[in-house]
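Remarks on the structure that follows.
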Amino acid sequence: MKTLIAYYSRSGNTKKAAEAIAKELKADLDEIIDNKKRSGIKGGRDAFLKKPTKIATKKDPKAYDIVIVGTPVWAGTMAPAVREYLKANKLNKTAFFCTYGGSEGKTFKDMEAVAKKPIAVLGLKDKVLDRSKIKKFCEVIV
Ligand SMILES: Cc1cc2nc3c(=O)[nH]c(=O)nc-3n(C[C@H](O)[C@H](O)[C@H](O)COP(=O)(O)O)c2cc1C
């Protein structure tokens, strides 16, 4: 099965989680770039307001059997770049993961509303790369 992990990460936590999942599943990685420079807490407001943004990616998700989409939690939901990615790509089979400082909030519910119901979800506390949680998530996907 060909697996792609598409993720957005501003400060590196979601990137590290994406890399750990990719290693487990031997999956390809594609970083979603937000063309809008993000700093401070303004991104949280844009996430909350579901503001569109411009993104850049390198890989074609259509070439994969499953696309795992990762996001940091911003204002209780997905980052604007991830909302844009899900809107732009009609993904058939998905799984979602997020990293957060406090809680997942409505992230997965909101992602499902834009895309399809994922076959698995994984929430990780920011810098804590919980290997057993990652393993369990990957077992559902293989
Ligand atoms: C703009 C902004 C808003 C955030 N909002 C939340 C939130 O609502 N809930 C939460 O648990 N963490 C929140 N966080 C913390 C991030 O979700 C957490 O640090 C995450 O791991 C960052 O991922 P990254 O390093 O891949 O960018 C927020 C961080 C930023 C920068």
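Counting starts at 1 for both ligands and their atoms, following the listed order. Here the structure is a predicted model, which means the values were calculated and not measured. Excluded from the calculations below are hydrogen atoms, water molecules and symmetry mates; all remaining heavy atoms, backbone and side chain alike, are included.
- Annotation: the span from M111 atom CE to L91 atom CG amounts to 9.5 Å, rounded to 0.5 Å.
- Listed by atom number, the atoms of ligand 1 under 4.0 Å from A75 heavy atoms are 3 (C), 4 (C), 5 (N), 6 (C), 7 (C), 8 (O).
- The nearest heavy-atom contact from the protein to atom 8 (O) of ligand 1 is G76 N, 2.8 Å.
- Nearest protein neighbour of atom 25 (O) of ligand 1, counting heavy atoms only, is S11 OG, 2.5 Å.
- Within the model, atoms CD of E31 and OG1 of T14 stand 10.0 Å from one another, a figure rounded to the nearest 0.5 Å.
- Test V67, D65, I68 against T3 for side chain to side chain contact (heavy atoms under 4.5 Å, CB included) and you get one pass: I68.
- For the pair S9 and ligand 1, the shortest N or O to N or O distance falls below 3.5 Å.
- Protein heavy atom in closest approach to atom 12 (N) of ligand 1: G101 N, 3.1 Å.
- For atom 19 (O) of ligand 1, the nearest non-hydrogen atom of the protein is N13 ND2, 3.8 Å.
- For a threshold of 3.5 Å applied to N or O pairs, the pair formed by Y8 and ligand 1 contains no separation below that value.
- Linking Ile, Leu, Val, Met, Phe, Trp and Tyr residues whenever their side-chain heavy atoms come within less than 4.5 Å leaves V128 and F137 in two separate clusters.
- Residue P72 places no N or O, backbone or side chain, under 3.5 Å from any N or O of ligand 1.
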(message) Walk me through whether I141 and M1 qualify under side chain to side chain contact (heavy atoms under 4.5 Å, CB included).
(response) CA-CA 10 Å; I141 291 160; M1 189 167 70; 4.1 Å; yes
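- Relative to atom 1 (C) of ligand 1, the option among G12, A18, G44 with the closest non-hydrogen atom is G44.
- Classification of the Y8-W74 ring pair by plane angle, with boundaries at 30° and 60°, yields perpendicular.
- Against a heavy-atom cut-off of under 4.0 Å, G102 is close to the following atoms of ligand 1: 10 (C), 11 (O), 12 (N).
- A salt bridge does not link E112 with K109: none of the charged nitrogens is closer than 4.0 Å to a carboxylate oxygen.
- Residue S103 places a heavy atom under 4.0 Å from ligand 1.
- A 6.0 Å sphere centred on NZ of K125 holds more than 12 heavy atoms belonging to other residues, nucleotides or ligands.
- With hydrogens left out, the protein atom closest to atom 13 (C) of ligand 1 is V73 O, 3.1 Å, a heavy atom.
- Placement of V69 and I21 in two distinct hydrophobic clusters is found when ILVMFWY residues are connected by side-chain heavy-atom separations under 4.5 Å, directly or transitively.
- In terms of protein heavy-atom proximity, atom 2 (C) of ligand 1 is nearest to W74 CD1, 3.6 Å.
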